[in-house]
Amino acid sequence: MTDKVELVHDEKAMLGEGPIWDERSNKLYWVNILGNSIQSFDPRSGDTKKYELDQYPGTLALKKDGGFVLAAQHGFYHLELNEDGTSSMDKIADPEEHLPGNRFNDGKCDPRGRFLAGTLSLNEDKGAGSLYRLNLDGTVDVLMSDLTISNGLAWSDDGTVFYFIDTPTMQVKAYSYNLDIGEVGEGRVVKDFTDEVGAPDGMTIDDDGMLWVALYGGWGLVQIDPADGKVLQKIDVPASNVTCCVFGGENLDELYITTARQHLSDSDLKEQPQAGGLFRYRPGVKGRPSFRYAGE
């Protein structure tokens with residue numbers, strides 16, 4: 001550990017989530033799901049921008065040819081964020097058009113550039129969500145079903161292991177992954193958080209293959225070894241609801257951490273006024289660049 005956790009943007013987001021680092025622009029992007037907005041942060045200048053949307057954004061990923069893909073309340077979109085603070089969305093597909101009470105939540109691109117993103121019920125109904133794969137040709141396939149709160153995606157260095165979290169199960173799981181066709185196989189439990197403080201939420205992986213798991217209600221995040229689930233370190237954050245993290249900075253050695261204010265009472269917020277902020281920590285290890293969507 002080389003630094004303390006620092007607040008870099010006091011957004012007071014109701015549900016900050018899904019941070020992603022763009023190594024081309026050296027900017028961080030993240031979503032405020034319940035605030036219907038996407039944020040950008042430039043660590044060189046400290047400048048921030050907010051892009052308002054007409055629906056809940058779930059998660060976004062960078063595209064190889066520039067711009068973003070977005071999984072939102074009403075499906076998958078191509079997304080452009082303009083310097084003047086405006087945005088434009090072009091719909092690709094909505095695999096849950098028949099489920100108006102659902103929205104997309106967390107997601108990431110796999111090493112071949114497919115976009116995986118999962119859904120949940122707005123009422124958090126058990127088993128109402130699924131994990132989808134947006135293919136390079138714009139078609140969509142179901143990879144997993146009977147999910148409740150789809151979260152925390154990551155892949156091993158060779159792409160043959162897919163790490164995934166369905167938060168209410170309180171487990172981080174590792175699945176075999178067929179990289180050629182983008183299919184999920186058999187799974188095993190990496191770590192069960194049932195007896196821990198906080199529920200596993202978003203997740204990223206460092207250059208040594210260790211997982212960093214945000215703990216919703218747990219006041220921090222943990223680094224774990226996926227081989228045996230051992231907790232290598234815990235990082236304390238001055239907000240109880242830690243939602244996700246990603247490595248960024250020009251050397252990918254800064255960990256950016258999102259948090260949320262939802263589910264907190266007025267007395268809770270007096271205790272943790274920085275809840276909903278974007279935080280940064282230098283953990284002494286580096287991350288990997290985010291995979292980009294390789295479709296049109």
* Asked: Backbone N or O of Leu131 within a donor-acceptor pair of the Ser150 side chain at under 3.5 Å?
  -> no
* Ionic contact status for Asp253 with Lys286, cut-off 4.0 Å -> no
* Structure fact -> Contacts satisfying salt bridge (charged side-chain N to carboxylate O under 4.0 Å, His left out) that involve residues 14-32 (not counting sequence neighbours) are Asp22-Arg292, Glu23-Arg292, Lys27-Glu83
* State whether Lys49 and Asp47 are salt-bridged, where the test is any N-O pair (Lys NZ or Arg NE/NH1/NH2 against Asp/Glu carboxylate O) under 4.0 Å. => no
* Are side-chain N/O atoms of Asn123 and Ser121 paired as donor and acceptor at under 3.5 Å? -> no
* To do: Taking the side chain as every heavy atom from C-beta outward, state whether Asn26 and Trp21 have any atom pair closer than 4.5 Å.
  => yes
* Look only at the side chain of Arg103 and the backbone of Tyr56, and say whether a donor-acceptor pair between them is shorter than 3.5 Å. => no
* Asked: Under 3.5 Å, is there a donor-acceptor pair between the Lys91 and His74 side chains?
  -> no
* Check for a donor-acceptor pair, side chain of Asn32 on one end and backbone N or O of Leu15 on the other, with a separation under 3.5 Å. => yes
* **Asn105: which of Asn151, Thr119, Thr167 passes side chain to side chain contact (heavy atoms under 4.5 Å, CB included)** => Asn151
* Side-chain contact test, heavy atoms from C-beta onward, threshold under 4.5 Å: evaluate it for Pro289 versus Leu252 and give yes or no. => yes
* **Check: Tyr293 side chain, Asn135 main-chain N or O, donor-acceptor pair, under 3.5 Å** => yes
* Asked: Do the side chain of Thr259 and the main chain of Ala275 share a donor and acceptor less than 3.5 angstrom apart?
  -> no
* Mind checking whether Asp106 and Ile165 have side chains closer than 4.5 Å, heavy atoms only? -> no
* Any sub-3.5 Å donor-acceptor pair from Arg288's side-chain atoms to Thr204's backbone N or O? -> no
* Side-chain donor or acceptor of Arg188 paired with backbone N/O of Ala174 under 3.5 Å -> no
* Asked: Between Phe68 and Tyr29, does the ring centroid distance fall short of 6.0 Å?
  -> yes
* For Gln223 and Asp206, test the side chains for any donor-to-acceptor distance below 3.5 angstrom and give the result as yes or no. => yes
* To do: Output yes when Arg112 and Asp180 qualify as a salt bridge under the 4.0 Å nitrogen-oxygen rule, no when they do not.
  => yes
* Asked: Do Met170 and Glu196 come within less than 4.5 Å of each other through their side chains, counting heavy atoms only?
  -> no
* To do: Step by step, work out the salt bridge (charged side-chain N to carboxylate O under 4.0 Å, His left out) result for Glu6 and Arg282.
  => CA-CA 10 Å; Glu6 60 175 326; Arg282 293 178 176 85; 3.4 Å; yes
* Asked: Within the side chain of Thr48, is there an N or O that forms a donor-acceptor pair under 3.5 Å with the backbone of Ser40?
  -> no
* Would you please classify the geometry between the Phe104 ring and the Phe76 ring as parallel, tilted or perpendicular, with 30° and 60° separating the classes? => tilted
* With no hydrogens and no angle check, is any side-chain donor or acceptor of Thr258 less than 3.5 Å from a backbone partner on Thr243? -> no
* Structure fact -> Those residues at least two apart in sequence (or on a different chain) that pass ring pair (Phe, Tyr, Trp, His ring centres under 6.0 Å) with Phe162 are Trp155, Phe164, Tyr177
* Asked: Got a sec, which pairs hit salt bridge (charged side-chain N to carboxylate O under 4.0 Å, His left out) with one end in residues 163-177, sequence neighbours left out?
  -> none
* Expected output: side-chain Gln55 to main-chain Gln73 donor-acceptor under 3.5 Å -> yes
